[in-house]
Amino acid sequence: MASDHQLIVRVCAGEREVFAQLIERYKSRIFHTTLRMLRNREEAEEAAQDVFVRAYRGLPKFREDASFSTWIFKICYNVCLNYLERRKKNLADLTEVESCPLPEEETVERLFENREFQRLLEEAMAVLPAKQSSALVLYHVQQLSYNEIAEIMEESVGNVKTHLFRGRAKLREKILQRIPLEELVA
Amino acid sequence: MNCSTFRRYLNEAESRATLSAEAQEHVLSCGSCQMEWRIQQNFVRALETEPAPQLSAQFTHAIMAKLPAFAPARPQRNYEPALLFVLILAGLATTWFASEGLRQSVLALSAEGAWFTVLVQQVLAATLWKWRDALTNILGEQILQQALQVLLITLVTAAVAKGAVALDERLRKMLRRL
């Protein structure tokens with residue numbers, strides 16, 4: 001399988017359709033991130049498309065020694081911040097944060113695996129500051145390292161850890177308001 | 001490990017699922033930290049097991065339709081600063097070797113020693129609107145004029161080089177569109 005860099009060289013040499021392979025390779029992770037950050041399916045899909053269009057236009061600026069994965073997540077993070085900023089301008093949007101539906105076939109066995117908890121988590125994530133929710137999504141959902149997140153968010157590793165710590169603390173606080181502590185640690 | 005170092009460890013540990021031996025030992029002996037650890041584990045599990053969302057079938061096609069018709073330029077190194085530097089050096093060298101008077105005047109000044117210190121002191125001492133007079137007094141009319149000529153040639157060379165690079169870039173873009 002061709003590496004990201006090999007595909008980029010081919011795209012830049014004029015094989016425009018090769019970019020579709022890069023989209024296929026990253027679309028799930030990018031969409032997952034935009035959805036977790038924006039909490040609105042339609043907007044998230046549009047943002048994910050913007051990420052790839054911006055990446056395509058920005059390929060000439062892509063450094064050969066850089067990681068394409070980190071680079072595209074950086075674009076993704078900036079696109080999501082723009083969307084959130086735009087949303088802030090319209091206060092009405094703030095009251096209409098959607099929950100992401102879960103697949104029907106999901107088994108409900110434990111509190112932390114059921115829909116109710118996922119829904120509570122979604123709600124709690126939706127009210128976190130953008131930097132905290134971004135750090136949580138990039139770390140826990142995308143499994144990126146502190147260094148990668150720091151590069152994406154253009155912050156120090158220490159700041160990333162602080163965003164994660166505060167984000168988790170706020171999530172816990174929000175969920176504890178709805179679920180008794182005994183159930184949370186069961 | 002005590003409670004505060006354990007809490008710091010929970011926040012900073014790169015490992016998401018397992019505890020170090022030292023941390024594990026503390027968790028087994030401290031009910032409060034054990035609760036903290038279990039809460040965090042539950043959150044992390046819930047976050048990490050969020051189901052991956054399904055994208056519409058037309059996603060890739062929709063993006064490809066939005067892309068510009070031409071391919072982005074191949075990543076290339078920017079030689080412009082290096083080119084400008086070489087041209088400026090060439091301009092200075094040409095002027096230096098072409099002007100016998102300039103060479104002799106500068107060498108004579110250098111031979112006197114500490115001329116640069118005197119120059120700086122006098123320039124700083126001079127008022128802003130009399131800077132030219134001060135330079136003329138120190139360097140002499142001829143050297144000052146020649147120095148200004150060198151500066152002018154250098155600036156013109158740099159401007160021409162910059163224009164040539166911009167023109168080259170524009171032509172490349174036009175050719176790519178064709």
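Throughout, a chain's letter reflects where its sequence line sits, starting with A, and its residues are numbered from 1.
- Because its NZ or CZ atom is both nearer than 6.0 Å to the ring centre of A/Y146 and within 45° of the ring axis, A/K161 counts as a cation-pi partner of that residue.
- Grouped with B/F85 in one hydrophobic cluster are B/L89, the linkage being side-chain heavy-atom contacts under 4.5 Å among Ile, Leu, Val, Met, Phe, Trp and Tyr residues.
- Checked against side chain to side chain contact (heavy atoms under 4.5 Å, CB included), A/E45 has the following partners two or more places apart in sequence or in another chain: A/F31, A/R41, A/Q49, B/L55, B/S56, B/F59.
- Using a 4.5 Å cut-off between heavy atoms, A/A44 does not touch chain B at all.
- Residues of residues 21-29 of chain B having a heavy atom under 4.5 Å from any heavy atom of chain A: none.
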Output a table of donor-acceptor pairs, distance under 3.5 Å, between side-chain atoms of residues 150-165 of chain B and any protein atom two or more places apart or on a different chain; print 'none' if there are none.
unit_1: B/T154; atom_1: OG1; unit_2: B/V150; atom_2: O; d: 2.6
unit_1: B/T157; atom_1: OG1; unit_2: B/I153; atom_2: O; d: 2.5
unit_1: B/K162; atom_1: NZ; unit_2: B/E80; atom_2: OE2; d: 3.0

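- Side-chain contact between A/V137 and A/M125 is present, with heavy atoms from C-beta onward closer than 4.5 Å.
- With A/Y26 as the partner, the ring-ring contact (aromatic ring centres under 6.0 Å, His included) test is satisfied by one option alone out of A/F52, A/F68, A/F73: A/F68.
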